[in-house]
Amino acid sequence: FPAQLQQESQSNTAFENVKAYLDKFYPVSAQPKSLSLEDRIKEMQRFFHLTITGKLDAETEEIMKQPRCGVPDIAG
Amino acid sequence: YNTFPGNPRWKKTHLTYKIVNYTPDLPQKKVDDAIRRAFMVWSDVTPLKFQRVFNRHADIVIAFARREHGDGYPFDGRGNTLAHAFAPGEGLGGDAHFDDDERWSEYNKEVNLFLVAAHEFGHSLGLAHSNVRHALMYPIYKYVNPASFRLSEDDKRGIQKLYGRKSS
């Protein structure tokens, strides 16, 4: 159904963006391999002193959009 | 503050830097000046001294580049990632790269070269990202007036842990 497809596609894009951000700034090589996406979001939220939800909430999304340095926050 | 794993740092206090190219956004003299002042942020509080060199090897190589630029860490166009730098070491170690898809500025609130360069040179000297919001080494760009810029205590403690204090 077209409307639903669009929603799914937006959600996939958001997922890909979050994953790309975490891969770049919170690389898996610097953390235990078993960490889920939720755990990795929590790691980021902890670094930025955000409310730790493990979810892509508005506050977390806002941080991800801001201009920043390209060096990872967790050094691998 | 944070340092990189293994605490890499320069084993000497006299460091050289080289600017290999320029952004078209600013006159070359303004770039030279912003870079010089950015190094002073760190030399003001440590025994480190920075000397600019031309046409020879330098510890810290400074370049403006777009997208993929030969180090395996491509830039991403306007916004998001502004610059990156490498921890002290041979080869790429210490080098600082600035994304030339940004609009670099001297004074206004568009991406200020002095502020970003001072942050990147913190990496070049061995500081990783700090999670202290007002620290220079906080990873998110935030404009402050360069004329009244002051290094935070967090940054000062970090760099002095690596290199000691400036002797009076």
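Within every chain, numbering begins at 1; the chains are lettered A, B, ... in the order of the sequence lines, protein sequences first and strands thereafter.
- Salt bridge absent: K18(B) and D95(B) never bring a charged side-chain N and a carboxylate O closer than 4.0 Å.
- Within the 4.5 Å cutoff, the side chain of L151(B) has heavy atoms near those of the F149(B) side chain.
- S130(B) touches chain A through its backbone: at least one of N, CA, C or O sits under 4.5 Å from a heavy atom, while the side chain does not.
- Electrostatic pairing of D99(B) and R67(B) does not count as a salt bridge here, judged by no charged N lying under 4.0 Å from a carboxylate O.
- When heavy atoms are compared at a cutoff of 4.5 Å, E102(B) does not approach chain A at all.
- Looking at A85(B), only its backbone comes within 4.5 Å of chain A, counting heavy atoms on both sides.
- A parallel orientation is assigned to the rings of Y138(B) and F47(A), their planes being inclined by less than 30° (bins at 30° and 60°).
- In this structure, the portion of K65(A) lying under 4.5 Å from any heavy atom of chain B is its backbone and not its side chain.
- Using a cut-off of 4.0 Å between Lys/Arg side-chain N and Asp/Glu carboxylate O, D101(B) and R78(B) are scored as not salt-bridged.
- Taking 4.0 Å as the cut-off between side-chain N and carboxylate O, R46(A) and E43(A) count as a salt-bridged pair.
- At least one donor-acceptor pair closer than 3.5 Å links the side chain of D76(B) to the backbone N or O of T81(B).
- Residues of residues 26-43 of chain B placed with any heavy atom under 4.5 Å of a heavy atom in chain A are absent; none qualify.
- For a residue to count as touching a neighbouring chain, one of its non-hydrogen atoms must lie under 4.5 Å from one of that chain's; by this rule F75(B) does not touch chain A.
- The pair E153(B)-K156(B) meets the salt-bridge criterion, with a side-chain N (NZ, NE, NH1 or NH2) lying under 4.0 Å from an Asp/Glu carboxylate O.
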